[in-house]
There are 4 protein chains.
Amino acid sequence: MLNPPLNRRLRMALIGGGGAGFIGKVHRTAATLDGRAELVAGAFSSDADRTCEAARTFSVDPHRAFASYTELLQTELSRPEDERVDFVSIATPNWLHFPMARAALDAGLHVFCDKPMTTRADDAEELVRLVEASDRVFALTHNYTGYPLVRQAREMIASGELGEIRAVRVNYIQGWMRGVQPDATPPRGAWKDDPEKNGPAATMGDVGTHAYNLARYMSGLQPVEISAKLMTYASGRQLDDYGHALVRCANDALIMVTASQVTHGRLNDLAIEIDGEDASLSWRQEEPNVLIVRRFSEPQHIYDRHPAAGYMNESGRSACRLPAGHPEAFFEAFANVYAAAFDDIVARIIGGEVTAPQYPTVYDGLEGVRFIEQTVASSQANGAWLPLSH
Amino acid sequence: MLNPPLNRRLRMALIGGGGAGFIGKVHRTAATLDGRAELVAGAFSSDADRTCEAARTFSVDPHRAFASYTELLQTELSRPEDERVDFVSIATPNWLHFPMARAALDAGLHVFCDKPMTTRADDAEELVRLVEASDRVFALTHNYTGYPLVRQAREMIASGELGEIRAVRVNYIQGWMRGVQPDATPPRGAWKDDPEKNGPAATMGDVGTHAYNLARYMSGLQPVEISAKLMTYASGRQLDDYGHALVRCANDALIMVTASQVTHGRLNDLAIEIDGEDASLSWRQEEPNVLIVRRFSEPQHIYDRHPAAGYMNESGRSACRLPAGHPEAFFEAFANVYAAAFDDIVARIIGGEVTAPQYPTVYDGLEGVRFIEQTVASSQANGAWLPLSH
Amino acid sequence: MLNPPLNRRLRMALIGGGGAGFIGKVHRTAATLDGRAELVAGAFSSDADRTCEAARTFSVDPHRAFASYTELLQTELSRPEDERVDFVSIATPNWLHFPMARAALDAGLHVFCDKPMTTRADDAEELVRLVEASDRVFALTHNYTGYPLVRQAREMIASGELGEIRAVRVNYIQGWMRGVQPDATPPRGAWKDDPEKNGPAATMGDVGTHAYNLARYMSGLQPVEISAKLMTYASGRQLDDYGHALVRCANDALIMVTASQVTHGRLNDLAIEIDGEDASLSWRQEEPNVLIVRRFSEPQHIYDRHPAAGYMNESGRSACRLPAGHPEAFFEAFANVYAAAFDDIVARIIGGEVTAPQYPTVYDGLEGVRFIEQTVASSQANGAWLPLSH
Amino acid sequence: MLNPPLNRRLRMALIGGGGAGFIGKVHRTAATLDGRAELVAGAFSSDADRTCEAARTFSVDPHRAFASYTELLQTELSRPEDERVDFVSIATPNWLHFPMARAALDAGLHVFCDKPMTTRADDAEELVRLVEASDRVFALTHNYTGYPLVRQAREMIASGELGEIRAVRVNYIQGWMRGVQPDATPPRGAWKDDPEKNGPAATMGDVGTHAYNLARYMSGLQPVEISAKLMTYASGRQLDDYGHALVRCANDALIMVTASQVTHGRLNDLAIEIDGEDASLSWRQEEPNVLIVRRFSEPQHIYDRHPAAGYMNESGRSACRLPAGHPEAFFEAFANVYAAAFDDIVARIIGGEVTAPQYPTVYDGLEGVRFIEQTVASSQANGAWLPLSH
């Protein structure tokens, strides 16, 4: 944080968060964790009762809770600037991300948006143009980039501690689709199997893009081309629920992305291994407070998330809220994405210095959507290598 | 939560939190995590500049920030009731807990207080009387009781799933004292080696009481007598930094409490193992999202913190904020202590039903102080068994 | 063991074991672990001094130690049958496996041979014909199949406990090539980078075949076609040291084989995950005494290697030598391959019942060599899917 | 090994090994693992049929198998010296150790004996005198001292890498007594609850002595006095099955020994933590191939059992048989105790140099028996501190 703190809390509107899913609530908790923002308005659900109930739960003034995001935005625009929300967080099913983000940018608001950013690359490119034409912050909540030891690893790699990066293996393994009852009424998350609403890839879009983004964020490798194989194993589905995507990078490094949502009993098991010429490392989301670093013939080094330790770098240390041994987890990582974008928003509000964004941006969003499209295309073309520029 | 939610946020004052320590900030984050409370006032430091700076950091109105807790309390009392703070959180060095808690109760406020509750058992008994005479909530932040799988285990044991409990081994191992420079100026945490300010036991008071409280909370065992051995290994210290305390319980079960702050490289390693007639279990604070349950000749069962799974009981499930695989950690556990006490505060505000407290109370505080005193006394008496009623 | 024990120890000759490598010594230890065989002869090295020294180390009569395997075989053939060795173990560099195995079969001996079985598929097919035409046992030391919990898993899968198998992910990650000095004189293991001596794939042949064999052995899946990508990252090499091979099976299940010998600090990290319709499991060679079995919404089950526990099946139980908690490891697994083949040898000696082999055979050897060849061919053809019948 | 190898295998007689227990078989496997010894005779059981059957299993000449150890010894004495057994391994219930060891020493044989060495300290002292008066090797199979990383740790501590040792916590936790049916006929291991046959402490004698010995072996601490608490939790028992023994050492260091055989689902969980002024370490028998070394504010160091790595010392390296990543386990550790004593036996046979024994000796045996007696006495005296010189 180069700039002085704002002398007020940022005002947040949340779109989504009123349904059965958990991610809307996560946005609220993450955005307000450090007391830098306050949830003051929302379109929590397209169902009027639900949006009211959510307003109560979130202690939001019922007059600022709507069943329609357009109504929300119009009303906010009509408020005086010092009451109007500063930013909108979009936590809705995939096909709504694009129109909502566009409308929020049109309204002059900063935007936080869930991934995948859009269901089509065309829309993603349009969003890039809109963001570039605005002076607004657009942050994509690839929340796993917010873990302190992920940032620690990223800086270690960027500074050359691992030597040239040769290979990345990143797996995102879940099993929840084993619990989905195909004939449940109403069909929970049914939009996730509808390509119009979800986009062309399900599991590879839902978790594969997180894995790919994490690999790119940590390693800094430049993708060139991709070969993929997607499968559908759960019964009654049309979209993928399992797959591999192999990415060849500019220096001939390989990134192997493996994604599953049909592995019994696996929860949210995002794990990454990175091989460099001089050292290798491993990290796993379900045990996020340790990073394993290995060098040939040396003892394995376990880096604890330990802000007071000399081995932590600035990226890692500054992402910590608690001393070592007091575990941090999902909310704090999510909040770190918010915190980095807040710095950027504050800089724009106070006219301070704007630095290179430390959070995933609209360009990461575009890259994710292209990754999905080329994964599907390669799989349909029997694993043909297709270009994947970023 | 049996009662309806309050239609406003509870108003919080924080005493402490303006210094180098982290626990004051933790109280703020934990109390506000769910949006049920708001930090509006404080005596963050006895240093006026620091208290101002903390007010800015916490986005607290500078007119409600004081360098003296008595001034804070007087000013709040002078406010209209619908602006006045509802509760005070005390996050200061040990010897201040008692006068501050007494003053807060006198002011008619609910109190959250760090442990150990007081430095002397007499004071603790006095506090019990004050709380009993008031209609205020007094919560002691034995925060480790807030972890979902700790509560899961507690209910499992209470309902007899482990059979009669025979033995508990609880270790709290840290190493930070190895990093303390005895001649540092100013001496960081120097009060922790001063029996007047700290109380008679250092490590056994600081972390041993957490360990003992956790054993009691989870197992429900009734202590009878104690035999202890305390040591001082770090140079330049007068109080203990290592020790064992063995507690014999009513059914002849044993609780072994081991505490260290001089074990190189160990962070905040609170770990507990409980042996029952029918099953045993293990849990570790640094990997709080799993609980291991074992039965003779069966596979080990790893319980994930998994609110949607059938194996979770109500105590465990209701303490979760996130689905399985999305790790929760220290802040959420701390927030669960606040949440349980908030339920109690709300019940008193709205005149609703008050149930048995699910959070550590003034009685746990008294028990902790007695545990400390008898540990020290037994160690001085060469390990003699001394009574430890609760 | 259906047949009665032999009333004598089997007589073993070892080819190899006199050099710097460790695998020859492993064969001796594994073959004699249970006292069912005795090492009595050998061609331990092509260097006469080394073969003598090895004879001393192994307590082998120097008159039965030779620098040439042909001399060894001729001399043994000249001995009376009740002194002659029963079997030969071949622990030499790859290109020697084929001529040595052929000569040993010609001499009427049973054969244990290291993998990969040959450097060319033609030779492997020839060996299949020779074994079929003989009445000799031919065992390929895919030693990882000998671990009790690998056998446990195999029987669980075969009996349907996991439901239909959908996906396998098997990784074999090492880092030792990071320690190879390209200009060392004499070049240690230099034959491993010479396609004539090593075969067409290095890392995929050395460890990838183990991984693939393990996947096949445990899952029982029937391979159909393969797509692969091999890379060479270490400097000064011509053969692969990193790669992925994706195998599509008859039921559209996928097996992903990942092999590396350039990952700093990783030792011998063979790990497998198998996803079935009804359950999934994981096992790792470096912690071989546990098998993790997971079912949706149930606690994770950790199966200890626990021969007295009811959850162990016959395959798992019968492969144990020690009670649970007394760890078994590499030697015992290797010995289990020997033990299963010994049962077969004894059956032939005493004219007892010969059952389906429980150890890897010449057919597994052929399959491994084909796997190598098609992996290389697919990688050269830009990942084209090539047939991989077994 | 300073001396040249013997040009023959040592001849072993085994007393025990014919019953349902596993430890006799372990002695055979461990003693012969490296091909330095051969099992040629035995008194495998006091039951004649069983001893015959065991002879067949072990491929031992039936004429050298007896139902009586005195007969065994007499017969061996009558053989010419170059056929006579060199050593006897005693793997029988506790009360037989003393008369058997005495008889074997009287017969001029070297002795390997299970622990606890005797059931009474008087007998242990007598055995010390007998060994001192003989020129025979007496090795006590405290097998856990044979693990490579235990020896690594011992040398690290002896050389000062951890600084002065302050505290040891060693736990030996099992659960098998939960599976014992009190009314089983015949009562399996019934002698273990008979003080005449077992000695005065059951669990503290059976596993507590292993734990205590390991602490002493690794740390080198000098015991001064002991305070203990023993409990009996399993129904129908008279001897202890759970307990704690706290040992104060010469430099005021503490060793806490915790032993249980009533903890459901725990197998053979011997785990040790050692705190020094400069570093701490942890090791666990069930995962014996890693040693964790920690220093304040540094990454945790995981030492793999890695004979080629520069961080291994001579003690650790020389105890390895396999390269890193190829796990070693229980048998190999047991065999290392044999190997060290074999070096000593060979030195005596060839008249070579005898060095300080690297294996547990008769003095360790005496110390273990005294530990048991004082543990029981202290527990009976309400935890009184009793002397524990070594």
Side-chain angles (χ1 to χ4, degrees), chain A residues 162-167 169 171 173 175-180 225 227-235 241-244 246 248 251-254 256 258 260 262-267 269 273-282 292-301 378 382-385, chain C residues 162-167 169 171 173 175-180 225 227-235 241-244 246 248 251-254 256 258 260 262-267 269 273-282 292-301 378 382-385:
Chain A
L162 271 70
E164 185 164 2
I165 301 305
R166 291 308 196 178
R169 296 170 295 283
N171 287 17
I173 310 291
W176 61 264
M177 212 170 281
R178 292 296 178 190
V180 173
E225 56 179 2
S227 166
K229 177 76 174 170
L230 302 185
M231 303 299 291
T232 304
Y233 289 131
S235 59
D241 51 27
Y242 189 88
H244 301 283
L246 183 59
R248 190 176 65 76
N251 67 341
D252 263 353
L254 294 181
M256 172 60 83
T258 298
S260 170
V262 290
T263 304
H264 270 277
R266 299 287 282 275
L267 302 172
D269 204 345
E273 300 182 345
I274 303 182
D275 300 348
E277 285 285 316
D278 298 335
S280 73
L281 60 78
S282 319
I292 310 178
V293 182
R294 297 180 178 95
R295 284 185 174 75
F296 179 76
S297 198
E298 292 188 11
Q300 301 175 52
H301 284 56
S378 171
N382 216 16
W385 286 95
Chain C
L162 271 70
E164 186 165 3
I165 301 305
R166 290 309 194 178
R169 297 169 296 281
N171 286 17
I173 310 291
W176 61 265
M177 212 171 280
R178 291 296 177 192
V180 173
E225 57 179 1
S227 166
K229 177 77 174 171
L230 302 185
M231 301 300 291
T232 303
Y233 289 130
S235 59
D241 50 27
Y242 189 89
H244 301 282
L246 182 59
R248 190 176 65 77
N251 66 342
D252 263 353
L254 294 181
M256 173 58 83
T258 298
S260 171
V262 291
T263 304
H264 271 276
R266 298 289 281 276
L267 301 173
D269 204 345
E273 299 182 345
I274 302 182
D275 299 349
E277 285 287 315
D278 298 335
S280 73
L281 60 76
S282 320
I292 309 177
V293 182
R294 296 179 178 96
R295 281 183 177 76
F296 179 76
S297 198
E298 292 188 12
Q300 301 175 51
H301 283 56
S378 170
N382 215 17
W385 286 94

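In the text below, chain A, chain B and the rest are named by the order of the sequence lines, each starting its count at 1.
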**Minimum side-chain heavy-atom gap A:Glu225-A:Ser378 below 4.5 Å** =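 They are not in side-chain contact.
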
Taking every non-hydrogen pair under 4.5 Å, which of [options] racks up the most with chain A?
{"options": "C:Ala234, C:Gly276, C:Ser297", "result": "C:Gly276"}
{"options": "C:Gly179, C:Gly175, C:Ser227, C:Gly383", "result": "C:Gly179"}
{"options": "C:Leu267, C:Asp252, C:Thr258, C:Val262", "result": "C:Asp252"}
{"options": "C:Pro299, C:Ser280, C:Ser260", "result": "C:Ser280"}

**Request:** Could you tell me whether the side chain of A:Asp269 and the main chain of A:Asn171 form a donor-acceptor pair under 3.5 Å?
**Result:**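 Not confirmed, A:Asp269 side chain does not pair with A:Asn171 backbone.
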
Taking side chain as everything from C-beta outward and backbone as N, CA, C, O, which of these in [X] sits under 4.5 Å from a heavy atom of chain A? Side chain, backbone, both or neither.
{"X": "C:Leu246", "value": "side chain"}
{"X": "C:Thr263", "value": "both"}
{"X": "C:Arg266", "value": "both"}
{"X": "C:Tyr242", "value": "side chain"}
{"X": "C:Ile292", "value": "neither"}

**Prompt:** Relative to chain C, which of A:Met231, A:Glu164, A:Gln300 shows the most heavy atom pairs under 4.5 Å?
**Reply:**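 If we count pairs closer than 4.5 Å to chain C, A:Met231 comes out on top.
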
**Message:** Shorter than 4.5 Å, heavy atoms on both sides: which option in A:Met256, A:Arg248, A:Glu298 has the most such pairs with chain C?
**Reply:**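 Most heavy-atom pairs under 4.5 Å with chain C: A:Met256.
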
Nearest 0.5 Å, what's the [atom1]-[atom2] distance between [X] and [Y]?
{"X": "A:Ile165", "Y": "A:Leu254", "atom1": "CD1", "atom2": "CG", "result": "13.0 Å"}
{"X": "C:Phe296", "Y": "A:Met177", "atom1": "CZ", "atom2": "CE", "result": "11.0 Å"}
{"X": "C:Ile274", "Y": "A:His264", "atom1": "CD1", "atom2": "NE2", "result": "14.0 Å"}
{"X": "A:Arg294", "Y": "A:Asp275", "atom1": "CZ", "atom2": "CG", "result": "10.0 Å"}
{"X": "A:Ile173", "Y": "C:Glu273", "atom1": "CD1", "atom2": "CD", "result": "6.0 Å"}

**Request:** Please flag which part of A:Leu281 lies under 4.5 Å from any non-hydrogen atom of chain C: side chain, backbone, both or neither.
**Result:**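 The answer is neither part of A:Leu281.
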
**Heavy-atom pair with the smallest gap, counting every atom of C:Arg166 and C:Asn251** =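 Smallest heavy-atom distance, with atoms named: NH1-O, 3.7 Å.
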
